[in-house]
Each structure stands twice: as structure tokens, then as C-alpha cells.
Amino acid sequence: MTEHRSGFACFVGRPNAGKSTLTNALVGTKVAITSSKPQTTRHAIRGIVHREDAQLVLIDTPGLHRPRTLLGERLNDIVHTTWSEVDVVGFCVPANEKIGPGDKFIANELQKIAKRTPVIGIVTKTDLVQPQQVAEQLLALQQVMDFAELVPVSAVDGFQVGTLTDLLVRRLPEGPQLYPGGELTDEPEQTLVAELIREAALEGVRDELPHSIAVTVEEMLPREGRDDLVDVHAFLYVERPSQKGIILGHKGERLREVGATARKNIERLLGSKVYLDLHIKVAKEWQRDPRQLRRLGF
């Protein structure tokens with residue numbers, strides 16, 4: 001019998017370093033929402049990679065950043081808690097951006113755990129640059145800290161995704177499966193549905209708005225007398241009445257687009273037709289209010 005390994009890995013890095021896209025690429029399906037807006041990820045989302053010889057549980061964490069709100073502080077807490085509990089950490093730096101103070105700050109934080117938890121340096125988004133630039137970024141990353149391994153990858157064209165999986169698996173302890181075969185995430189369906197709605201809402205909004213958007217699914221039930229239709233009732237929260245206007249768009253057009261995009265993705269997730277009832281609410285300054293943060297699940 002060959003040994004079976006199982007355990008947890010997480011990707012860390014600045015906001016927008018390609019962590020969620022990489023998580024989805026390794027799992028082979030979408031478990032984490034992605035967007036060009038920084039700080040899209042707000043929960044530690046678990047994606048599960050099943051192999052004959054191993055089960056790798058990937059935890060996609062929010063980007064570590066200098067917090068300006070209570071929400072920002074809580075997101076950073078999620079990151080620190082997660083990486084103190086995993087078997088191996090992947091530190092992601094995009095190939096197309098110079099290594100900056102934010103990366104060095106994260107590397108400093110990682111030094112504190114590197115003695116007991118191996119850290120793999122990952123250059124992401126290699127499809128966006130020439131091979132020469134990838135080589136230069138690997139050399140620059142090598143200067144930042146002492147990594148257990150260094151690897152360049154592209155989640156978009158699949159370059160070295162299998163190699164990265166092998167490197168992570170090699171660092172896991174021997175052990176049995178932690179989740180039943182076939183499960184790709186342990187996120188409740190309602191959380192995934194709320195995230196898909198937020199992903200649709202993030203596309204095309206102004207730079208200051210993404211952080212102000214939160215989504216809750218109030219109810220998700222099969223339609224009575226129909227086994228092929230699920231009713232989803234959800235609220236999309238913003239912080240100010242002016243933001244409500246941006247999300248609504250002219251005569252509600254923008255909200256209808258968000259609903260149509262989200263509904264398609266939710267139907268794909270649930271494998272069923274979906275009726276999506278989506279409303280906008282204003283929750284004043286919710287990112288800074290502990291009570292509202294709790295109500296919105298942070």
C-alpha cells in the first residue's frame with residue numbers, strides 16, 4: 001500500500017495576487033469567487049483536491065492589507081488564524097507586479113511561522129509576462145525570505161498547476177481522507193450562493209464601492225410542488241443611499257444584470273432552475289459597526 005497524505009494548505013498574499021483563481025484551478029472547479037477588485041475574498045473558503053495518494057484541503061484567505069475599518073481588521077485576523085493552523089503555506093506574488101512593501105510585510109509575518117510550517121513561494125499570473133520576467137520575479141522573491149520551494153504558475157493556462165499540487169501534497173502529514181470523496185468544498189450552499197451574488201455585483205462597479213457591498217441569503221427553498229425550481233431570497237447591502245443608486249442603475253437595469261448573471265451561476269452550482277429575488281438595503285457604515293458586522297456574518 002502506498003502511503004496516503006491528508007492535510008491543509010493556504011494561499012496568502014496581497015489583495016489581488018491571484019489566490020482565489022489558483023484555488024479554483026487546483027480544485028478543478030469554482031469554489032472561490034474571483035474579481036479584478038482587490039479584497040474580493042472575505043471568508044476562509046475551503047476547496048478540496050482529491051487524489052489517489054492524498055487529500056489536499058486548500059484554504060483561500062482574504063488578502064493581507066493595512067486595515068482601515070473593523071471589517072479590514074477582522075479579515076486580517078482570519079488570515080493569521082488560518083496560517084497558524086495549516087500544514088503548508090503558499091505565498092503568492094504576481095509575475096506582472098514588482099515586489100513591494102506589502103509583500104515584504106507579509107514575508108515578515110510568515111517568518112514567525114516558517115520554522116514549524118513550510119512556506120512555498122509562488123509566482124502567479126505567469127501568462128501575463130515573458131519568461132524572462134518570470135525568471136526575474138523568482139530571483140526577486142528569493143531575496144524576500146528563505147522558502148521551502150519556489151514555483152512559477154499560471155492558473156489561467158494551467159502552467160505548473162500539477163507541479164504546485166505535488167509540492168503541497170509532499171508537505172502534508174500521512175493520514176486518511178478528511179472529507180468524503182466527491183466533496184469539493186465544505187462551504188454551506190447558502191454561503192456560496194451569497195458569494196456568487198456578490199461576485200456578480202462587483203463587476204463594473206466603481207473602485208470605492210466593492211468594500212461596501214455585502215450579501216446575505218435570507219431564504220433558499222425548493223418551490224412548493226416543483227422539484228426543479230429553487231426560490232432564493234437575498235439582500236444586497238451597501239453603506240450609503242448614493243451607492244444604492246449605483247447598484248440599481250438607470251431604471252433598475254444594473255440590478256437586473258447582476259441578478260441575471262448571479263442566477264446563471266447559482267443554477268450551475270445547484271444543478272436546478274432558480275428564481276432569484278434580490279433587494280438592496282442600506283446598512284449605514286456597516287464595515288465599522290461591530291453589531292452590523294456580526295449580523296452580516298463577520
Side-chain angles (χ1 to χ4, degrees), residues 2-15 17-28 31-32 41 44-64 76-95 99 102-126 134-135 137-155 158-179 186:
T2 55
E3 66 199 29
H4 186 276
R5 294 180 179 275
S6 59
F8 296 84
C10 75
F11 293 135
V12 300
R14 294 185 272 118
K19 302 179 294 294
S20 298
T21 311
L22 195 54
T23 298
N24 292 338
L26 266 72
V27 175
V31 292
T41 304
I45 303 281
R46 288 192 166 113
I48 304 157
V49 181
H50 299 274
R51 302 196 339 179
E52 286 289 306
D53 62 334
Q55 194 177 67
L56 169 66
V57 184
L58 288 166
I59 306 174
D60 179 36
T61 57
L64 199 63
N76 278 356
D77 289 344
I78 290 171
V79 180
H80 283 111
T81 305
T82 302
W83 73 27
S84 68
E85 293 171 349
V86 295
D87 301 296
V88 53
V89 174
F91 176 29
C92 297
V93 173
I99 288 172
D103 299 303
K104 288 173 183 161
F105 167 72
I106 295 169
N108 264 345
E109 295 291 294
L110 284 171
Q111 298 278 20
K112 298 170 190 171
I113 63 153
K115 278 192 180 69
R116 65 174 189 278
T117 308
V119 179
I120 293 175
I122 305 166
V123 172
T124 59
K125 307 187 184 184
T126 59
V134 175
Q137 191 72 318
L138 284 165
L139 285 170
L141 188 54
Q142 214 168 359
Q143 309 306 310
V144 173
M145 71 177 276
D146 192 14
F147 292 102
E149 306 271 1
L150 273 174
V151 61
V153 299
S154 165
F159 173 65
Q160 299 231 105
V161 166
T163 304
L164 174 60
T165 307
D166 289 342
L167 291 175
L168 294 168
V169 163
R170 214 173 289 160
R171 303 281 170 174
L172 301 180
E174 283 183 38
Q177 280 198 353
L178 301 165
Y179 292 90
D186 67 349

Handout entry: Heavy-atom side-chain proximity of Arg51 to Asp166 below 4.5 angstrom
Key = yes
Fill in the blank from the handout: CG (Asp103) and CE (Met145) are apart, to the nearest 0.5 Å, by 12.5 Å
Practice task
Would you check, one step at a time, whether the test side chain to side chain contact (heavy atoms under 4.5 Å, CB included) holds for Leu26 with Leu168?
Solution key: CA-CA 11 Å; Leu26 266 72; Leu168 294 168; 3.9 Å; yes
Problem - Distance in Å, Leu178 CG paired with Ile48 CD1, rounded so as to fall on 0.5 Å steps - result: 8.5 Å
Practice task
Would you confirm whether His4, through its side chain, and Gly175, through its main-chain N or O, come within 3.5 Å as a donor-acceptor pair?
Solution key: yes
Practice task
Side-chain contact test, heavy atoms from C-beta onward, threshold under 4.5 Å: evaluate it for Phe11 versus Thr124 and give yes or no.
Solution key: no
Exercise for the section: Could you grab the distance from atom CD1 of Ile106 to atom CZ of Arg14, nearest 0.5 Å is fine? Expected result: 7.5 Å
Problem - Least distance between heavy atoms, Ala95 atom then Val123 atom - result: CB-CG1, 3.6 Å
Problem - Under-4.0 Å salt bridge between Arg171 and Asp87 - result: no
Handout entry: Main-chain N/O of Gln55 paired with Ser6 side-chain donor or acceptor, under 3.5 Å
Key = no
Problem - Distance-minimising heavy-atom pair for Leu150 and Leu138 - result: CD1-O, 3.9 Å
Problem - Reported OG-to-CG distance for the pair Ser20 and Leu58, which is rounded to 0.5 angstrom - result: 11.5 Å
Problem - Under 3.5 Å donor-acceptor, Gln160 side chain and Pro152 backbone - result: yes
Fill in the blank from the handout: Closest non-hydrogen contact found for Cys10 with Val86 is SG-CG2, 3.9 Å
Problem - Pro94 backbone acceptor or donor facing Gln137 side chain under 3.5 Å - result: yes
Completion exercise
When every non-hydrogen atom of Ala155 is compared with those of Val161, the smallest separation belongs to CA-CG2, 4.3 Å
Exercise for the section: Measure across Thr126 and Ser154 and return the closest heavy-atom pair with its distance rounded to 0.1 Å. Expected result: OG1-CB, 3.3 Å
Problem - Rounded distance (nearest 0.5 Å) linking atom NZ of Lys19 with atom CD1 of Ile59 - result: 14.0 Å
Problem - CZ-CG distance between Phe91 and Leu110, expressed to the nearest 0.5 angstrom - result: 6.5 Å
